[in-house]
Visitor: 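Let me give you the structure first, and then I'll get to my questions.
Read the numbers this way: they start at 1 and go in the same order the structure lists the ligands and their atoms.
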Amino acid sequence: MSVLSVQGLTLKFGGLVAVNDVSFDVGAGEIIGLIGPNGAGKTSLFNLLVGLYRPTQGHIQLDGRRVDGRRPHVLARQGMTKTFQNTALFPEMTLLENVTTAALLRHPLREARAVAADCLARVGMDAAADADVDDLTFPQKALGEVARALATGPRVLLLDEVMAALTPPEMDSVMGTLRDLRERDRLTLIVVEHHMRAIMRLSERLLVLNFGRLIADGSPGEVAANPDVIAAYLGGDHAQHT
Ligand SMILES: Nc1ncnc2c1ncn2[C@@H]1O[C@H](COP(=O)(O)OP(=O)(O)O)[C@@H](O)[C@H]1O
Ligand SMILES: [Mg+2]
């Protein structure tokens, strides 16, 4: 059975259709890349999935149960959460404190600290637990974001451009960690990332949005050869997607 199933999902902002009749199914342990030109609706789709927005139409099932319309903390408890595009960790706190706040979703404080320490270890960041967030490098911040999301205990984790500030070798290292999480914990990952070569390498399957519509769903090879996808990328500002 699919861990996540989306049917006819639509989100309108006034006259603008940000997500337009999108349907797909996700199996447990898949790593899926979600791509599309700027403004295609990727963040809006994530916001629908985690309950920040309510769909205008359509539904979302997690483990076969309808979850559309549920609030974000309820969805997080049911096992789906996301990292935020461009948000930083709380700068006044240490990394461990940041991750602990997320673990409080399921655990009392003392236990939450232990869970947070474990999540930092899972992404190889235990040595930086007591560092101030301001002192972390970009790849450390990215892994800190992932650890913070992990601390809510997800089975489905949505990553919104967490690797944006990274160099290609730094991306490789973070992607290695993401693959490990999938292997070890059978985590299901949906990853938005602008860097095309990186997302093609990380993902087994790509979903492509353009003007809110799902225009392709297939292996990286299939998607790269899809004329609609090529047109969507060549039609827009191509430089930022390379
Ligand atoms: N809160 C909002 N209110 C109105 N329009 C929005 C809002 N959020 C996003 N949009 C619009 O919805 C479309 C999709 O945006 P977004 O989901 O952020 O795309 P992406 O993440 O793929 O760049 C864009 O046209 C954007 O301007
Ligand atoms: Mg976005």
Visitor: How far does CZ of R186 sit from OG1 of T188, to the nearest 0.5 angstrom?
Guide: 7.0 Å
Visitor: In plain terms, say whether R122 and D185 are close enough for a salt bridge, that is, a side-chain N and a carboxylate O under 4.0 Å apart.
Guide: yes
Visitor: Tell me every residue that passes side chain to side chain donor-acceptor pair (under 3.5 Å) with S5, counting only those two or more places apart in sequence or in another chain.
Guide: Q7, D25
Visitor: Which other residues end up in the same hydrophobic cluster as F90, if Ile, Leu, Val, Met, Phe, Trp and Tyr are linked when side-chain heavy atoms come under 4.5 Å apart?
Guide: M93
Visitor: Counting both backbone and side chain atoms, is some N or O of A18 under 3.5 Å from an N or O of ligand 1?
Guide: no
Visitor: Does any donor atom in the side chain of N47 or K82 lie under 3.5 Å from an acceptor atom in the other side chain?
Guide: yes
Visitor: Say whether G39, considering both its backbone and side-chain N or O atoms, lies within less than 3.5 Å of an N or O atom on ligand 1.
Guide: yes
Visitor: Any N/O/S of N38 under 2.8 Å from the Mg ion (ligand 2)?
Guide: no
Visitor: Give the atom numbers and elements of ligand 1 that come within less than 4.0 Å of a heavy atom of L16.
Guide: 11 (C), 12 (O), 13 (C), 25 (O)
Visitor: Could you walk me through whether R205 and D217 pass salt bridge (Lys or Arg N to Asp or Glu O under 4.0 Å), step by step?
Guide: CA-CA 7 Å; R205 175 179 167 201; D217 175 354; 2.8 Å; yes
Visitor: What atoms of ligand 1 come closer than 4.0 angstrom to any heavy atom of N38?
Guide: 23 (O)
Visitor: At a 4.0 Å threshold, what atoms of ligand 1 neighbour a non-hydrogen atom of Y53?
Guide: 1 (N)
Visitor: Is it true that G41 lies under 4.0 Å from ligand 1, counting heavy atoms only?
Guide: yes
Visitor: Between ligand 1 and F13, is the shortest N or O to N or O distance under 3.5 Å?
Guide: no
Visitor: Which is closest to atom 21 (O) of ligand 1 in terms of heavy atoms, N47, T43, V192?
Guide: T43
Visitor: May I ask whether F211 and V22 are part of the same hydrophobic cluster, defined by side-chain heavy atoms of I, L, V, M, F, W, Y residues being less than 4.5 angstrom apart, directly or through others?
Guide: no
